[in-house]
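Below is one structure, written out as C-alpha coordinates, with a few remarks after it.
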Amino acid sequence: MSPVIDQAVQAGLITAEAQVLDIPAVLRYRRDDPLAVRICFPPRASLAGSDVAWVFARDLLAAGLKEPAGDGDVHVRPFGADTTVLEFHATVGTAMVRMDAADLRRFLQRSYLVVPAGQESAQFDLDGELTALLREA
(Lines give C-alpha, C1' and ligand atoms only; values in the text may rest on other atoms or scores of the structure.)
Protein backbone atom coordinates (compact mmCIF):
# COMPACT_ATOMS: atom_id res chain seq x y z
CA MET A 1 0.00 0.00 0.00
CA SER A 2 1.30 3.42 -0.95
CA PRO A 3 2.47 5.61 1.95
CA VAL A 4 0.35 8.48 0.54
CA ILE A 5 -3.36 8.46 -0.26
CA ASP A 6 -4.90 11.22 -2.35
CA GLN A 7 -8.62 11.11 -3.00
CA ALA A 8 -10.42 13.64 -5.15
CA VAL A 9 -13.83 14.58 -3.78
CA GLN A 10 -16.58 17.03 -4.62
CA ALA A 11 -17.30 19.59 -1.92
CA GLY A 12 -20.06 22.13 -1.55
CA LEU A 13 -18.89 25.47 -0.17
CA ILE A 14 -21.81 27.06 1.67
CA THR A 15 -21.82 30.78 0.91
CA ALA A 16 -22.96 33.65 3.12
CA GLU A 17 -26.14 33.75 0.99
CA ALA A 18 -26.83 30.08 1.91
CA GLN A 19 -26.05 28.94 -1.63
CA VAL A 20 -23.78 25.99 -2.32
CA LEU A 21 -20.82 26.44 -4.65
CA ASP A 22 -19.52 23.11 -5.96
CA ILE A 23 -15.75 22.92 -5.75
CA PRO A 24 -13.26 20.09 -6.14
CA ALA A 25 -11.13 19.13 -3.17
CA VAL A 26 -8.44 16.57 -2.43
CA LEU A 27 -8.19 14.55 0.77
CA ARG A 28 -4.66 13.41 1.62
CA TYR A 29 -3.24 10.97 4.16
CA ARG A 30 0.46 10.23 4.61
CA ARG A 31 2.02 7.35 6.50
CA ASP A 32 4.80 9.65 7.77
CA ASP A 33 2.18 11.90 9.42
CA PRO A 34 -0.19 9.18 10.66
CA LEU A 35 -2.34 11.27 13.01
CA ALA A 36 -3.33 13.89 10.43
CA VAL A 37 -5.44 14.27 7.32
CA ARG A 38 -5.29 17.17 4.90
CA ILE A 39 -7.95 18.67 2.72
CA CYS A 40 -6.87 20.95 -0.11
CA PHE A 41 -9.10 23.39 -1.94
CA PRO A 42 -8.45 25.31 -5.18
CA PRO A 43 -7.93 29.09 -5.30
CA ARG A 44 -11.58 29.86 -6.06
CA ALA A 45 -12.52 28.52 -2.61
CA SER A 46 -10.37 31.17 -0.93
CA LEU A 47 -10.90 34.85 -0.20
CA ALA A 48 -7.23 35.41 -1.03
CA GLY A 49 -7.48 33.57 -4.35
CA SER A 50 -4.83 30.99 -3.48
CA ASP A 51 -4.78 27.28 -2.73
CA VAL A 52 -6.01 26.45 0.76
CA ALA A 53 -5.05 23.40 2.82
CA TRP A 54 -6.30 22.44 6.26
CA VAL A 55 -4.65 19.82 8.44
CA PHE A 56 -6.54 18.14 11.26
CA ALA A 57 -6.75 14.87 13.18
CA ARG A 58 -7.84 11.72 11.40
CA ASP A 59 -9.72 10.81 14.60
CA LEU A 60 -11.67 14.08 14.35
CA LEU A 61 -12.86 13.20 10.87
CA ALA A 62 -13.89 9.72 12.00
CA ALA A 63 -15.73 11.02 15.07
CA GLY A 64 -17.47 13.77 13.10
CA LEU A 65 -19.06 11.23 10.78
CA LYS A 66 -21.06 9.93 13.76
CA GLU A 67 -21.69 13.01 15.90
CA PRO A 68 -20.57 16.65 16.15
CA ALA A 69 -16.85 16.78 16.93
CA GLY A 70 -14.14 19.40 17.24
CA ASP A 71 -13.47 22.30 19.54
CA GLY A 72 -10.65 24.08 17.72
CA ASP A 73 -10.25 25.46 14.22
CA VAL A 74 -11.95 22.47 12.57
CA HIS A 75 -15.38 21.07 13.42
CA VAL A 76 -17.01 18.08 11.74
CA ARG A 77 -20.63 16.96 12.06
CA PRO A 78 -23.17 14.78 10.30
CA PHE A 79 -25.91 16.56 8.38
CA GLY A 80 -28.55 13.99 7.64
CA ALA A 81 -27.72 10.41 6.73
CA ASP A 82 -25.57 11.06 3.67
CA THR A 83 -23.84 14.39 4.23
CA THR A 84 -21.09 15.64 6.53
CA VAL A 85 -20.34 19.30 7.21
CA LEU A 86 -16.81 20.52 7.88
CA GLU A 87 -16.34 23.97 9.42
CA PHE A 88 -12.99 25.72 9.14
CA HIS A 89 -12.51 28.62 11.56
CA ALA A 90 -9.85 31.26 10.79
CA THR A 91 -9.23 34.84 11.90
CA VAL A 92 -10.84 36.12 8.69
CA GLY A 93 -14.00 34.07 9.15
CA THR A 94 -15.54 30.64 8.95
CA ALA A 95 -15.93 28.43 5.90
CA MET A 96 -18.52 25.66 5.86
CA VAL A 97 -18.23 22.81 3.40
CA ARG A 98 -20.55 19.88 2.93
CA MET A 99 -19.32 16.57 1.61
CA ASP A 100 -20.69 13.14 0.82
CA ALA A 101 -20.26 11.05 3.98
CA ALA A 102 -19.62 7.93 1.87
CA ASP A 103 -16.60 9.64 0.24
CA LEU A 104 -15.19 10.47 3.68
CA ARG A 105 -15.77 6.92 4.96
CA ARG A 106 -14.06 5.48 1.87
CA PHE A 107 -11.08 7.79 2.41
CA LEU A 108 -10.80 6.77 6.08
CA GLN A 109 -10.99 3.08 5.19
CA ARG A 110 -8.16 3.54 2.69
CA SER A 111 -6.11 5.38 5.34
CA TYR A 112 -6.65 2.52 7.81
CA LEU A 113 -5.09 0.14 5.27
CA VAL A 114 -1.94 2.27 5.39
CA VAL A 115 -1.92 2.78 9.18
CA PRO A 116 -4.60 0.97 11.20
CA ALA A 117 -6.51 3.00 13.78
CA GLY A 118 -4.69 2.84 17.10
CA GLN A 119 -1.37 1.96 15.45
CA GLU A 120 -0.26 5.50 14.61
CA SER A 121 2.46 5.63 17.27
CA ALA A 122 4.18 2.61 15.71
CA GLN A 123 5.01 4.82 12.71
CA PHE A 124 7.27 7.07 14.76
CA ASP A 125 10.96 6.33 15.23
CA LEU A 126 11.34 8.36 18.42
CA ASP A 127 14.88 7.13 19.12
CA GLY A 128 16.01 8.02 15.62
CA GLU A 129 14.33 11.42 15.68
CA LEU A 130 15.79 12.22 19.10
CA THR A 131 19.26 11.19 17.93
CA ALA A 132 18.96 13.42 14.87
CA LEU A 133 17.79 16.34 17.02
CA LEU A 134 20.69 15.93 19.42
CA ARG A 135 23.13 15.82 16.51
CA GLU A 136 21.81 19.15 15.26
CA ALA A 137 22.09 20.81 18.69
Side-chain angles (χ1 to χ4, degrees):
M1 177 59 59
S2 170
V4 177
I5 293 174
D6 282 332
Q7 181 174 314
V9 293
Q10 192 64 28
L13 177 64
I14 302 168
T15 68
E17 296 80 27
Q19 296 177 331
V20 178
L21 174 64
D22 289 332
I23 54 170
V26 175
L27 293 164
R28 173 171 277 185
Y29 181 78
R30 297 184 355 217
R31 181 182 303 173
D32 65 349
D33 192 5
L35 296 171
V37 296
R38 288 165 179 71
I39 187 164
C40 304
F41 297 101
R44 69 185 179 117
S46 151
L47 293 174
S50 58
D51 290 335
V52 176
W54 285 84
V55 180
F56 54 98
R58 179 171 72 164
D59 288 348
L60 172 62
L61 182 58
L65 286 167
K66 300 173 189 157
E67 62 186 10
D71 57 7
D73 293 343
V74 179
H75 299 223
V76 182
R77 70 175 188 277
F79 185 76
D82 301 326
T83 304
T84 300
V85 172
L86 290 84
E87 293 179 21
F88 303 100
H89 298 262
T91 56
V92 295
T94 299
M96 293 178 61
V97 176
R98 69 181 191 190
M99 300 182 74
D100 186 335
D103 286 343
L104 297 174
R105 281 190 208 91
R106 190 171 19 263
F107 172 74
L108 283 171
Q109 288 304 317
R110 291 177 66 207
S111 79
Y112 296 144
L113 293 174
V114 173
V115 178
Q119 298 298 312
E120 295 88 355
S121 64
Q123 301 303 307
F124 297 111
D125 176 14
L126 294 179
D127 290 337
E129 291 179 30
L130 182 58
T131 300
L133 266 173
L134 291 173
R135 256 190 229 127
E136 292 174 14

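We count residues from 1, following the sequence as given.
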Query raised in the report: Would F79 end up clustered with M96 when hydrophobic side chains under 4.5 Å apart are linked, directly or stepwise?
Result: yes
Query - Shortest non-hydrogen contact from A36 toward V55 - result: CB-CG1, 3.7 Å
Could you give the side-chain donor-acceptor pairs of residues 13-28 under 3.5 Å, partners two or more places apart or in another chain?
{"unit_1": "T15", "atom_1": "OG1", "unit_2": "E17", "atom_2": "N", "d": "3.3"}
{"unit_1": "T15", "atom_1": "OG1", "unit_2": "E17", "atom_2": "OE1", "d": "3.4"}
{"unit_1": "T15", "atom_1": "OG1", "unit_2": "Q19", "atom_2": "N", "d": "3.1"}
{"unit_1": "T15", "atom_1": "OG1", "unit_2": "Q19", "atom_2": "O", "d": "3.2"}
{"unit_1": "R28", "atom_1": "NE", "unit_2": "D6", "atom_2": "OD1", "d": "2.5"}
{"unit_1": "R28", "atom_1": "NH2", "unit_2": "D6", "atom_2": "OD1", "d": "3.2"}
{"unit_1": "R28", "atom_1": "NH2", "unit_2": "D6", "atom_2": "OD2", "d": "2.6"}

**Report entry** Any donor-acceptor N/O pair, Y29 side chain to P34 backbone, under 3.5 Å
**Finding:** yes
Query raised in the report: Are M99 and F107 connected in a single hydrophobic cluster, I mean Ile/Leu/Val/Met/Phe/Trp/Tyr linked by side-chain heavy atoms less than 4.5 Å apart?
Result: yes
Query - F56 vs I39 side-chain heavy atoms within contact, under 4.5 Å - result: yes
Query raised in the report: What distance do R38 atom CZ and R58 atom CZ have between them, rounded to the nearest 0.5 Å?
Result: 12.5 Å
Requested in this report: Flag the pair L104 / L86 as yes when at least one side-chain heavy-atom distance between them is below 4.5 Å, and no otherwise.
Outcome: yes
**Report entry** Closest approach of A63 to A69 (non-hydrogen atoms, all atoms of both residues)
**Finding:** CB-CB, 4.0 Å
Report task. Tell me whether V97 is reachable from V85 by hopping between hydrophobic residues (I, L, V, M, F, W, Y) whose side-chain heavy atoms are closer than 4.5 Å. Result -> no
Query - Parallel, tilted or perpendicular: ring planes of F88 versus W54, cut at 30 and 60 degrees - result: tilted
**Report entry** Considering all heavy atoms, the nearest D100-A102 contact
**Finding:** OD1-N, 2.9 Å
Query raised in the report: How far apart are the C-alpha atoms of I5 and L113, what are their side-chain angles, what is the distance that settles it, and do they pass the side chain to side chain contact (heavy atoms under 4.5 Å, CB included) test?
Result: CA-CA 10 Å; I5 293 174; L113 293 174; over 6 Å; no
Query raised in the report: Can you tell me if Q7 uses its side chain to pair, donor with acceptor, with the backbone of D103 under 3.5 Å?
Result: yes
Query raised in the report: Got more than 12 heavy atoms from elsewhere within 6.0 Å of CZ, R98?
Result: no
Report task. Starting at OG1 of T83, measure out to CG of L65 and round the result to the nearest 0.5 Å. Result -> 11.0 Å
